[in-house]
Amino acid sequence: MQRFSFILFLFLVLSAPIISARSHDKIHPETLRYEVFFKWGLINKKAGTVEIKLFRQPEMYVSKLTAQSEPWADRFYRVRDTLNSHMTLERTPILYEKIAHEGNDHKHDIVKYDISNPAAIKAACTRKVISKGKLKVEETRQLQADGAAIDMLSSFYYMRNLPFQDWNAGETHSIDIFSGKAKELLTFKYVGKERIKINDREYDTYHITFLFTSKGGTKSSDDMDAWISAEGQRIPLRLEGKLPVGRVKCFFVDENK
């Protein structure tokens, strides 16, 4: 069931509001909410919720993400995750933190960036894992990218500024991504522009596939698909991913309807 929390987590990343590097003063605090559904055969049941908030501080942006599973899903795999990100006013990540309570495990990852050399971003990463009340992992490592690097939360701010409107179907873009444990390669693949329907409302969207690979180009997780509004702030409207059994589907909750 760890893939459930990973897909839930990735959807948190996609749900952050867009930041314009040219108009910092126009950014206001914002809260977006999502519902997560488990689909398997005839079963289509709400499995969790996601909320993301964005704050402006004098010298940085702070993003906070929370996710939790529904009571019925808690019996199988309880998820209570909090993610924090600090970014410069130009959206460059300077700190990433993941506090995860998943099943019987508690995980705490911290990534502190060294951005003094933009051509070779470095990060000091720590990870603690407590399983069934006992400390199982406590480690520190150094990661480095040949150029820019992001994490699972700041990746969205990076992605939202990619010019999908100018891309052709099949076009890709890759960047290194850090966690508290390793460096991977995140690839955004543009599938094309599609019109989708959510709760009786139709939207024009950019369909994007996310691919994660580790050293040697080996896949580190299943591909996932997102549909992002092609209008206005490009709000992510839908995301789908596979589980060992069934699929997870996430939908934006339009509270202005």
Side-chain angles (χ1 to χ4, degrees), residues 1-17 30-53 65-83 98 100-105 152-153 155-156 159-160 164 169 186 188-212 219-257:
M1 292 296 289
Q2 289 183 351
R3 293 185 188 181
F4 172 84
S5 59
F6 181 70
I7 293 170
L8 187 69
F9 170 58
L10 181 60
F11 193 67
L12 292 175
V13 173
L14 298 178
S15 64
E30 184 171 4
T31 300
L32 299 177
R33 296 182 176 88
Y34 293 82
E35 293 182 338
V36 183
F37 287 81
F38 172 66
K39 173 69 174 175
W40 182 41
L42 297 177
I43 300 174
N44 187 28
K45 193 169 183 178
K46 182 179 175 182
T49 56
V50 169
E51 180 180 88
I52 180 168
K53 294 184 177 182
L65 297 160
T66 56
Q68 65 179 31
S69 48
E70 291 290 295
W72 74 267
D74 286 347
R75 298 196 299 268
F76 301 97
Y77 193 76
R78 186 177 185 271
V79 175
R80 298 291 188 275
D81 287 359
T82 299
L83 290 81
K98 178 183 178 183
H101 301 270
E102 301 169 355
N104 293 318
D105 291 346
M152 287 295 294
L153 185 47
S155 64
F156 174 79
M159 178 196 71
R160 289 290 287 275
F164 298 119
L186 170 59
F188 306 102
K189 181 179 180 181
Y190 181 56
V191 179
K193 197 170 183 179
E194 297 180 6
R195 192 165 181 82
I196 66 171
K197 190 173 184 180
I198 300 176
N199 295 328
D200 299 324
R201 181 176 175 182
E202 293 188 347
Y203 301 86
D204 288 322
T205 67
Y206 298 119
H207 180 185
I208 302 159
T209 297
F210 302 87
L211 306 94
F212 292 86
K219 265 193 175 185
S220 50
S221 69
D222 289 331
D223 298 345
M224 282 165 277
D225 292 275
W227 289 261
I228 300 173
S229 173
E231 303 172 356
Q233 289 190 320
R234 291 189 178 182
I235 293 176
L237 300 169
R238 173 179 166 187
L239 183 132
E240 293 189 12
K242 292 193 300 183
L243 295 174
V245 175
R247 299 181 66 83
V248 165
K249 297 184 178 183
C250 309
F251 300 96
F252 171 66
V253 177
D254 188 350
E255 296 179 336
N256 296 317
K257 288 186 62 178

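Numbering starts at 1 and runs along the sequence shown. When reading the values below, keep in mind they use all heavy atoms of this one structure, side chains included, and skip hydrogens, waters and symmetry mates.
Ring geometry, Y206 versus F164: the interplanar angle falls from 30° to 60°, so the pair is classed tilted.
The distance from the CG atom of L83 to the NZ atom of K98 is 6.5 Å, given to the nearest 0.5 Å. Considering CD1 of I228 and CG of L237, their distance stands at 8.5 Å, rounded to 0.5 Å. Separating the CZ atom in R238 from the NZ atom in K249 is a distance of 5.5 Å, to the nearest 0.5 Å. Expressed to the nearest 0.5 Å, how far CG of N104 lies from CD of E102 amounts to 11.5 Å. To the nearest 0.5 Å, the span separating CG on L186 from CE on M152 amounts to 7.5 Å. Distance CD1/I196 to OH/Y203: 8.0 Å, rounded to 0.5 Å.
Nearest heavy atoms, K193 versus A230: CE-CB, 3.9 Å.
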Exercise for the section: Verify ring pair (Phe, Tyr, Trp, His ring centres under 6.0 Å) between F188 and F210, making sure each step is shown before the conclusion. Expected result: CA-CA 5 Å; F188 306 102; F210 302 87; 5.8 Å; yes
Problem - side-chain contact (heavy atoms from CB on, under 4.5 Å) evaluation trace for T49 with Y34 - result: CA-CA 6 Å; T49 56; Y34 293 82; over 6 Å; no
Handout entry: Evaluation steps, salt bridge (charged side-chain N to carboxylate O under 4.0 Å, His left out), between E202 and R195
Key = CA-CA 7 Å; E202 293 188 347; R195 192 165 181 82; 2.9 Å; yes
Practice task
Give the intermediate values and the outcome of side-chain contact (heavy atoms from CB on, under 4.5 Å) for residues I198 and F252.
Solution key: CA-CA 9 Å; I198 300 176; F252 171 66; 5.8 Å; no
Problem - Worked check of side chain to side chain donor-acceptor pair (under 3.5 Å) between T209 and D225 - result: CA-CA 4 Å; T209 297; D225 292 275; 2.7 Å; yes
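Judged by distance alone, with hydrogens and angles left aside, the side-chain atoms of K39 form a donor-acceptor pair with the main-chain N or O of G41 at under 3.5 Å.
Annotation: side chain of V248 is not in contact with side chain of F37 (no heavy-atom distance under 4.5 Å). With contacts defined as side-chain heavy-atom distances shorter than 4.5 Å, the pair V50/V36 qualifies.
With respect to R33 and E51, a salt bridge is recorded, a charged nitrogen being found less than 4.0 Å from a carboxylate O.
Residues forming a side-chain contact (heavy atoms from CB on, under 4.5 Å) with W72 (at least two apart in sequence, or on another chain): F38, K45, A47, E70, R75, F76. Listed by chain and number, the residues in a side-chain contact (heavy atoms from CB on, under 4.5 Å) with R247 are E240, K242 (sequence neighbours excluded). In this structure, E231 has no side chain to side chain donor-acceptor pair (under 3.5 Å) partners at least two apart in sequence or on a different chain.
D81 and H101 are not linked by any side-chain donor-acceptor pair at a separation below 3.5 angstrom, with hydrogens and angles left out of the test. Side chains of D74 and S69: a donor on one and an acceptor on the other come within 3.5 Å.
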